[in-house]
Engineer: 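The structure that follows is given in the form of structure tokens.
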Amino acid sequence: MRIGVITFPGSLDDVDAARAVRLAGAEPVALWHADHDLKDVDAIVLPGGFSYGDYLRAGAIAARAPLMQEVMDRARAGMPVLGICNGFQVLCEAGLLPGALTRNSHLHFRNRDQALRIERADTAWTASYAPGERIVVPVKNGEGRYVAADADLDRLEGEGRVAVRYVEGNPNGSMRDIAGVSSENGRVVGLMPHPEHAVEDLTGPSTDGLGFFTSVLKAVVSA
Amino acid sequence: MSQVDTVGRAATTPDEEQPWAELGLKDDEYARIRDILGRRPTTAELAMYSVMWSEHCSYKSSKVHLRQFGDLPKSEALLVGIGENAGVVDVGDGYAVTFKVESHNHPSYVEPYQGAATGVGGIVRDILTMGARPVAVMDSLRFGRADAPDTARVLPGVVAGVGGYGNCLGLPNIGGEVLFDDCYAGNPLVNALCVGVMKHEDVRLAKAEGVGNKVILFGARTGGDGIGGVSVLASETFDAEGPAKRPSVQVGDPFTEKLLIEACLEIFAQDLVTGIQDLGGAGLSCATSELASAGTGGMHIDLDAVPLRDSTLTPAEILMSESQERMCAIVEPAKVDAFLAVCRKWDVLATVIGEVTDGDRLTVDWHGERIVDVPPRTVAHEGPVYERPMRRPADLDALQADDPAALPRPQTPEELTAHWLAVVASPDGADKSWVTEQYDRYVRGNTVLAQPDDAGVVRIDEQTHRGIALSLDGNGRYARLDPYTGAQLNLAEAYRNVAVSGARPLAVTNCLNFGSPEEPEVMWQFAEAVRGLADACRDLGLPVTGGNVSLYNQTGDVAINPTPVIGVLGVHDDVRRRVPTGWRAAGETVLLLGETRPEFGGSAWASVVHGHLGGRPPAIDLGAERTLGELLAALAHQDLVTSAHDLADGGLAQALAESALRHGVGARLGVGDDPFTALFSESTARVVVTTTDAAAVRRAAGQAGVSVTELGTTGGEVLTVEGLLELPLAELRAAWSTTLPALFGAPEDAVGTVPAGTVPSS
Amino acid sequence: MPRVVVDVVLKPEISDPQGQAVLAALGRLGHDSVRSVRQGKHFVLEVDGTPDEAELRKIAETLLANPVIEDVELHFPND
Amino acid sequence: MPRVVVDVVLKPEISDPQGQAVLAALGRLGHDSVRSVRQGKHFVLEVDGTPDEAELRKIAETLLANPVIEDVELHFPND
Ligand SMILES: Nc1ncnc2c1ncn2[C@@H]1O[C@H](COP(=O)(O)OP(=O)(O)O)[C@@H](O)[C@H]1O
Ligand SMILES: [Mg+2]
């Protein structure tokens, strides 16, 4: 199985995402923002970082990269896409996921080990977890406060599209403690915390993050 | 003066008035420039000499002392020594590591966010220049009193700047220091360290060789920011009103720097450069003269080719501009196209601005006229050298005689508890999460240990598990009491921090922060610290691979405490055997390795409880440090200890609190019949370890000749000192963790700390 | 060269922690007359020739602002 | 309630990497007529009673902007 990891100018956690893909048992494939070539991958990860320096708004400039046209077409056709942190911001800016990520309520960049609850274990990226499972992975962002209009949030909740929620403390002031959301069909998922930093005992606070990357293996096989 | 001041014109107008004094040159220095050139310098030449001969760039006051580092016995591990942008050390398996610490003190006082951010940017470029991929950063910070109004202005901005730049580059921050003292009010210290990794064959040097090779300037456009910034600022004493000149500060663009890193690494991989140099203080003046001076020939630059952000800049300003995120490379003509292609891929602007020439002159043209024609060595490497007068501070005898032994000690268990909590809750002793949570420690996925562990540990090879450990330490109180011993104590602490992680210490870098070298008492402190550090490195068998000197850290005639910040690099053959700092499990035996004597001079206890600084710092025993370090490595190798924490500021009291709070595991302990000395002495060469096999640790320690004291057993939610006191961890944590948030935590404290421009944040 | 100014402000229903922090800081400094602060972005664009209003509005609404959370105000040279 | 607008812009000699990144993005998206972009902050303050110009100027210059690298422009209601 081939999982693409896109590098935009300023992507930082692309090496980490590729490592997580490898540890999950798939083949990471490097994708370049300026190309139009998805290299026959089966799924795509948009990694964390500061694409274009986070200038203007986090993810805003990367969302308009040439390769994103391809990503949007394939995502709409059902290809699993995961956006982590900056990748989540890019997906929201590109309109693939609802809502927006804004400056943290405390106005600081914050990096800590964060407890999360898997709200939906039926998306392409969370199927390895049990519904309601508590996991701990790092969170690190300065613009991670998830916002949307109340009516939109009600709709998302109603449709079961809040995939991951912060528990035991909200690190950035996200509305309704939302850490990650999915597309209607559950194939596109975005979240601010970093599962790719929790895949090895040696370097992470846990190995709880690996489930995101093993989930997609099943999703692709069953698709 | 609208007319361009050419070399020809300078020759025919010898008596023209020149603003050499305003540019910071002394009259004999100006005379020497005239001597070298055989005429008066042109405006552009004067600009170049003045920045390059500034204290910051020329090391004119410190050079005679720093030579001692170069005279240390040759280390087998040292691949590149002092004199290059950063030293390079062999860490095994064909890997080389380069690391260096540098100050950005004065700019950070003027503009905390940008000053600190560009400090990180500068040191990262130094590491990149050596051919290495930067893999981590650290920061050592000093501020005035924690509750002083100016600290509320400076600290949040500095922290946001260090984080903003490093995070955006994708470099994990793996450690550092945050300390407070009145002496740093108006003179905050911002010392940033970067470490990079490469293979031996990838080492690159800063020299211009090969006649006809092209000089390529790449990265950001050149603007009017920071003209004379770093060099002039860092070579000047601030008066009570702040710096006399407020030159426009440099604004960092970490995004451009990230692209520059990736482009450079691709350029190195394709072997497209013969020499490379970053542009830091003194900008193009520095890069061109240093490259040419280190090389074999001369160099010619066409200044019209330099891409500008501001078309009104004069040639002298272009030469002096300290615009950030620029590099200069020497490239063979046949490789220029490939070089430019890599830059295009990464959206990095690159321009050929000149070439390596025959002969030994550095020449610069502007609008077709020659405005610079100098021997580059006289600019870069043969600047003035001073043997400044030195005098032992007049107050030192009185200070050393003021022994803290005379201070009232805690008499009751209640007082002991109160003093313990006071030390732990003091701004120096308190939890630093408020700062370190603003830094990304995880990026790149190789961070094995980071703050609050004693050392940062980074894996450099995922297959072999090889890794490195780093620590930065700089206690200014000890150095104030005795700069010779103080510098050694800082080295010993950094050495011990690296050793507790299980690593083998390998090399030393340093950043020497002092007051004005024109004050004989400061100069004496400086000379003593250098001598102490050099002697200690000789004793420990460690090379000094490089460093940085920051002088003029003083307000009016009051200098900061001498603050030699020392960095030690160690190597881990297998990072899976690293030893963390905190207690994780109940039922383990807590042992103290090393001997405790009543030593309170410069201690945290004296400072926090009595506001006292006096006496002598703790005695240094480098032999004991070395033995302890070897023992710790052996214990780690045999998996005999589950945690290790070195004892430093705040002694055992601080170390126990930090060990317990790390994972919320308490302990029941006994500390003997002089609990005050046991808890608050700062005797060196001591470490607390936990183990499930106390007998084996005792055996190993016995063989090494290290004394062992059994303190007790881990477990529970209380830190109990038998027969004396009980500290519930909740209470201890409340004392330890609320100090910085209470001082700096509210969002409104972040207002104004981050300027409008560059605020990367995701 | 003609300058077009684009101000980007958060929609009224979106909370603005930066503005609130400024307001709190003002209160602490004794500037009690300020009752509310909202923080947005201010862009100054220099354009070649006569500014094309439709194009600039599109730039402002689709790139400079995120319509999910922000509104824009354009100011043309002859305003 | 009277509204005072404060625009904070980088001093002309200070580099503006944000503005440059926006400009480059505009170029890639085919909006070639835009020649330069500078990005600043836009504050909207609501004040009680008649705005005190001197006080607001002080607020703008010392709190909203960093005078080392930024300039301010104030717009009062009757401007
Ligand atoms: N305190 C010091 N100890 C050892 N080497 C030093 C010290 N200060 C400066 N150096 C060395 O002197 C050389 C010049 O330093 P510097 O001008 O700061 O380098 P750069 O311009 O690359 O930042 C470097 O090799 C640096 O490592
Ligand atoms: Mg250098």
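Throughout, a chain's letter reflects where its sequence line sits, starting with A, and its residues are numbered from 1.
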Engineer: Check whether C/V6 gets within reach of chain D through its side chain, its backbone, both or neither, counting any heavy atom under 4.5 Å.
Structural biologist: neither
Engineer: As a quick check of understanding, evaluate side-chain contact (heavy atoms from CB on, under 4.5 Å) for C/V8 and D/H42, giving each step before the final call.
Structural biologist: CA-CA 8 Å; C/V8 174; D/H42 175 80; over 6 Å; no
Engineer: Find the distance between CZ (D/R38) and CZ (C/R3) and round it off to the nearest 0.5 Å.
Structural biologist: 9.5 Å
Engineer: Measuring heavy-atom distances to chain D, does C/L29 have an atom under 4.5 Å in its side chain, in its backbone, in both, or in neither?
Structural biologist: side chain
Engineer: How long is the straight-line distance from CG of C/D48 back to OG of D/S36, given to the nearest 0.5 Å?
Structural biologist: 11.0 Å
Engineer: Using heavy-atom distances under 4.5 Å, tell me whether D/L45 contacts chain C through its side chain, its backbone, both, or neither.
Structural biologist: both
Engineer: Counting C-beta onward and ignoring hydrogens, is there a side-chain heavy-atom pair between D/K41 and C/K41 closer than 4.5 Å?
Structural biologist: no
Engineer: Evaluate the side-chain proximity of C/D7 to D/D7: yes if any heavy-atom separation is below 4.5 Å, no if none is.
Structural biologist: yes
Engineer: Please walk me through it: do D/V37 and C/V44 pass side-chain contact (heavy atoms from CB on, under 4.5 Å)?
Structural biologist: CA-CA 6 Å; D/V37 178; C/V44 181; over 6 Å; no
Engineer: CG/D/L64 to CG/C/L26 distance, rounded to the nearest 0.5 angstrom?
Structural biologist: 6.5 Å
